[in-house]
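Accompanying notes for the structure given below.
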Amino acid sequence: MLMSGFNSLIGLLFLAMLVLAVVAFVFAALAREDAYRAADKQSKSFWLIILGVTVAVDLFINFLVLQLAGLVATIVFLVDVRPALRQVSGGGRRGSSSDGPYGPYNGGR
């Protein structure tokens, strides 16, 4: 009984790794090529290959070392590359219509 619970937990972790890799691959595919150059990151094709291999390894190869290497690449993309791409692409937080040049305008309250 304890082993089936452990196997379920490991299965959920592998599923989470796969979902994270697929999300990172989609984000990498949707970003513009020139944004990678403007952010001074590796090329779009580099990240698509790395993340595509990660998705394939997570789906078809049950080798933990390769899956962990792919997880590291996925985390690096999501934590470092994607925010830089969003910054140079003009994405990110948008101000509201009541924001002034020095912050939100609250009507003197």
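The shortest heavy-atom contact between L85 and A31 is CD1-CB, 3.8 Å. In plain terms, the two heavy atoms of T74 and A24 that are nearest each other are CG2-CB, 3.8 Å. Here the closest non-hydrogen pair linking V88 and A35 is CG2-O, 3.6 Å.
No donor-acceptor distance shorter than 3.5 angstrom exists from the side chain of K44 to the backbone of R32, with no hydrogens or angles considered.
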Full working for side-chain contact (heavy atoms from CB on, under 4.5 Å) between L30 and F25 | CA-CA 9 Å; L30 293 177; F25 182 80; over 6 Å; no

Could you go through the side-chain contact (heavy atoms from CB on, under 4.5 Å) check for Q67 and N62 one step at a time?
-> CA-CA 8 Å; Q67 289 174 321; N62 193 11; 4.1 Å; yes

Dump the intermediate steps for side-chain contact (heavy atoms from CB on, under 4.5 Å) on M17 and T54, then the final yes or no.
-> CA-CA 9 Å; M17 288 170 45; T54 299; over 6 Å; no

Residues V76, W47; criterion side-chain contact (heavy atoms from CB on, under 4.5 Å); working and verdict = CA-CA 10 Å; V76 166; W47 282 108; 3.8 Å; yes

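Residues F77 and F27 are in side-chain contact: their nearest non-hydrogen atoms beyond the backbone lie under 4.5 Å apart. You'll find the side chain of D58 stays beyond 4.5 Å of the side chain of F14, heavy atoms only. Between K41 and D80 there is a side-chain heavy-atom pair separated by less than 4.5 Å.
L15 contributes atom CG, which lies 12.0 Å from atom OG of S8 (distance to the nearest 0.5 angstrom). Going from atom CD1 of I10 over to atom CE of M3 covers 9.5 Å, rounded to the nearest 0.5 Å. With rounding to the nearest 0.5 Å, the separation of CG in L68 from CG in L71 is 6.5 Å. To the nearest 0.5 angstrom, E33 atom CD is 6.0 Å from S45 atom OG.
The neighbour count for N7 CG, taken as heavy atoms of other residues, nucleotides or ligands under 6.0 Å away, is above 12.
V79 and V19 fall within the same hydrophobic cluster, defined by Ile, Leu, Val, Met, Phe, Trp and Tyr side-chain heavy atoms under 4.5 Å apart, directly or through other members. Hydrophobic clustering (side-chain heavy atoms under 4.5 Å, transitive across Ile, Leu, Val, Met, Phe, Trp, Tyr) groups L64 together with F6.
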